[in-house]
2 protein chains.
Amino acid sequence: MLSKEELIKQTAKELFFSKGYLHATTQEIADAAGVNRSLINYYFRSRDLLFQTVYREAVDGLKLQLDKVLYDKIPFKEKLNLFIDVYMKELMKYPYRESFLITEICSKNFALKEKKKSAALAHFLQEIAQEMEKGTIKKGEPIQFMFNLFALMAFPVIMTPLYQKLLDISKEKYNKLIADRKQIILESIFN
Amino acid sequence: MLSKEELIKQTAKELFFSKGYLHATTQEIADAAGVNRSLINYYFRSRDLLFQTVYREAVDGLKLQLDKVLYDKIPFKEKLNLFIDVYMKELMKYPYRESFLITEICSKNFALKEKKKSAALAHFLQEIAQEMEKGTIKKGEPIQFMFNLFALMAFPVIMTPLYQKLLDISKEKYNKLIADRKQIILESIFN
DNA sequence: TTGGCGTTTAACAATTTTGTTAAACAAAAA
DNA sequence: TTTTTGTTTAACAAAATTGTTAAACGCCAA
């Protein structure tokens, strides 16, 4: 069973990352979690600190996720296959996690920090450079390859509600389109 | 010279779309515009209506932008070249416009509407299908082609603050990377 | 000049949101 | 049993945000 503190955090993440409800008040979070609002202040002191905690855990989680897959000593193509699978599953669960992070960074009282490149990422960039040499993938800046990869995975998921509107597509059909993307991404990436 | 009403709207767009400051209060918008806060109520009645107005104009603007380029009777490759140019310029000016739209759609009191596919978009999808037949571009679902296109353009721009942090890249270098993307996108799209 | 009209402002009121405090509660330790 | 500790709650207080009103202002036309 979840501690109330954990419950509050998970509920906040649910609201932010899954529902894209970035304006959530402490009352709304408390209601969604089924706890008294004062508990938020008891465990996190202030709304701001709750947000900071959620932000930090999201960034750490993102890094951890990268580390786990990108360090593996498996063939490149296999690794990408696995990575896309893992990352897109996460995207389905938390489509707005990246949006939340960006919004927080852009918000008024945001304290910069970070500033140490993920080691796994650096390693992966090297691996990409090697594969470019080998000719498995198109030559170019490895970072641009990563940009492409993440863009192709994340953007259509993030844009779901708007694209559904603009294209007048049913939820089911849209889900199908997203599900098909893994293969499409792989095809568009490899020579 | 801009009317105050227009000034308020433009300033709000500046805060939302350019600065990604989606939590802006009416006071902050008024300050940024250099007008008395009451003017917002005078011209827009309520904060909510200001947001709705900005939302609507953003969607309409987006559609208009698509219409202008996508209806042109110019060769496909040329059209895409032009389109990427136009859209990415807009993205540089308003990197968070799409984020704002998504956040609004996900927000509590959002009234659905829309539900008529842009004619230009439908036309463009047909054109894509034709080009697939011709073999100019890889065969597949035309919508997926569009997903890819928009993702490759928008996502790295939207993610700028986070990626700059995670990759520990200077603003200048990041801008260079973004500038290079037009060519990269064109290459990754055509056979 | 005066009266009317749209604009702008400050002052106020109402509401919403957040933070604090003290008391109630429950379970384990003394 | 009483104490202690940590948890939970309701009531209150403070702050922030939004909305309203009436008066002031400026400008043009009568």
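Chain letters run A, B, ... following the sequence lines, proteins first, then strands; residues in each count from 1. Predicted model only: the values in this text are computed from it and were never measured.
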Task: Spacing between B:Leu49 atom CG and D:dG19 atom C1', to the nearest angstrom - done: 12 Å
TODO: Any salt bridge (charged side-chain N to carboxylate O under 4.0 Å, His left out) involving residues 180-191 of chain B? Give me the pairs, sequence neighbours left out, ordered by first then second residue.
DONE: B:Asp85-B:Lys182, B:Lys176-B:Asp180
Task: Length of the CG-C1' vector between A:Asn109 and D:dA15, whole Å - done: 15 Å
Task: Partner residues of A:Tyr55 under the ring-ring contact (aromatic ring centres under 6.0 Å, His included) criterion, sequence neighbours left out - done: A:Phe110
- [ ] Would you please name every residue forming a side-chain contact (heavy atoms from CB on, under 4.5 Å) with A:Ser188, sequence neighbours left out?
- [x] A:Leu152
Open item on the list: Just the rounded figure in Å: distance from P of C:dT17 to CD1 of A:Ile40.
Closed with: 13 Å
- [ ] Calculate the interatomic distance between B:Phe44 atom CZ and D:dT18 atom P; express it in whole Å.
- [x] 15 Å
Task: NZ/NE/NH1/NH2 to OD/OE distance under 4.0 Å, B:Lys9 and B:Glu6 - done: yes
Open item on the list: Which residues pass the salt bridge (charged side-chain N to carboxylate O under 4.0 Å, His left out) test with A:Glu104, not counting sequence neighbours?
Closed with: none
Atom pairs under 3.5 Å: protein N/O with N/O of nucleotides 22-24 of chain C:
none

- [ ] Please collect all salt bridge (charged side-chain N to carboxylate O under 4.0 Å, His left out) contacts where either partner lies in residues 73-84 of chain A, sequence neighbours excluded, each pair once.
- [x] A:Lys79-A:Glu127
Open item on the list: Listing request: all salt bridge (charged side-chain N to carboxylate O under 4.0 Å, His left out) pairs with a residue in residues 28-41 of chain A, at least two apart in sequence or in separate chains.
Closed with: A:Glu28-B:Lys108
- [ ] For B:Asn41 and D:dT21, give me the distance from atom CG to atom C1', rounded to whole Å.
- [x] 12 Å
TODO: Could you pull out all residues at least two apart from B:Tyr96 that satisfy ring-ring contact (aromatic ring centres under 6.0 Å, His included)?
DONE: none
Task: Separation of atom CG in B:Leu50 from atom P in D:dT18, rounded to whole Å - done: 10 Å
- [ ] To the nearest Å, give me how far apart CZ (A:Arg47) and P (C:dT16) are.
- [x] 16 Å
Task: Between C1' of D:dT18 and CZ of B:Phe51, the distance in whole Å - done: 12 Å
TODO: Evaluate whether atom CD of B:Gln126 has more than 12 neighbouring non-hydrogen atoms of other residues, nucleotides or ligands under 6.0 angstrom away.
DONE: no
- [ ] Could you encode protein contacts along nucleotides 7-14 of chain C as a string, one character per nucleotide from 5' to 3', using B for base contact, S for sugar-phosphate-only contact and - for no contact, with a heavy-atom cut-off of under 4.0 Å?
- [x] BBBBB---
Open item on the list: Quick check on contacts: within residues 8-29 of chain B, what sits under 4.0 Å from DNA chain C by heavy-atom distance?
Closed with: none
- [ ] With sequence neighbours excluded, tell me which residues meet ring-ring contact (aromatic ring centres under 6.0 Å, His included) with A:Phe83.
- [x] A:Tyr87, A:Phe150
TODO: List for me each residue that meets ring-ring contact (aromatic ring centres under 6.0 Å, His included) alongside B:Phe124, sequence neighbours excluded, and say none if there are none.
DONE: none
